Amino acid sequence: MSNKAIVLDANILIRAVLGKRVRELLLANAATVKFFAPDVAYADARKYLPALLEKRSVKSAAAMAVLDTVESIVRPLELDHYAGLQQQALQ
């Protein structure tokens with residue numbers, strides 16, 4: 001595995017559930033790139049996905065299972081891992 005890493009936001013996590021392309025990209029690159037997402041991105045995805053799924057008439061349980069699977073590829077980062085970086089960005 002290389003030293004490449006990408007941090008994803010909630011929108012990308014949602015696209016990984018709703019679409020095909022993001023999921024394919026994650027799977028295709030999982031062996032060579034480390035993927036991360038802030039824990040709040042997962043919380044946001046879980047908050048907003050049910051309404052989006054309802055609008056698309058998609059069964060929520062199956063789609064949320066996809067998000068759980070994505071979590072095995074895109075590792076969640078807890079606040080204590082990125083809090084310092086967040087403070088630096090605000091300065």
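Positions are given from 1, in the same order as the sequence printed here. Quick caveat, the model's predicted, so the values are computed rather than measured.
Residues satisfying the side chain to side chain donor-acceptor pair (under 3.5 Å) test with Asp39, not counting sequence neighbours, are Tyr82.
With rounding to the nearest 0.5 Å, the separation of CG in Leu13 from CG in Leu18 is 11.0 Å. To the nearest 0.5 Å, atoms CG (Leu8) and CG (Leu77) are separated by 10.0 Å.
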Practice task
Any chance you could lay out the side-chain contact (heavy atoms from CB on, under 4.5 Å) test for Arg75 and Lys34, step after step, and finish with the verdict?
Solution key: CA-CA 8 Å; Arg75 292 177 247 162; Lys34 296 175 186 172; 3.9 Å; yes

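Between Ile6 and Phe36 there is no side-chain heavy-atom pair separated by less than 4.5 Å.
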Sequence neighbours left out, cut at 3.5 Å: what donor-acceptor pairs do the side chains of residues 42-59 make with other protein atoms?
from, atom 1, to, atom 2, distance (Å)
Tyr42, OH, Val74, O, 2.5
Arg46, NH2, Asp68, OD1, 3.0
Arg46, NH2, Glu71, OE1, 2.9

Let me check something: any side-chain donor-acceptor pairs from residues 21-29 under 3.5 Å, sequence neighbours excluded? List them with distances.
from, atom 1, to, atom 2, distance (Å)
Arg23, NH1, Ala16, O, 2.6
Arg23, NH1, Val17, O, 3.3
Arg23, NH1, Gly19, O, 2.7
Arg23, NH2, Gly19, O, 3.3
Asn29, ND2, Leu25, O, 2.8

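Between Ala41 and Ala10, the shortest heavy-atom contact is O-CB, 3.4 Å.
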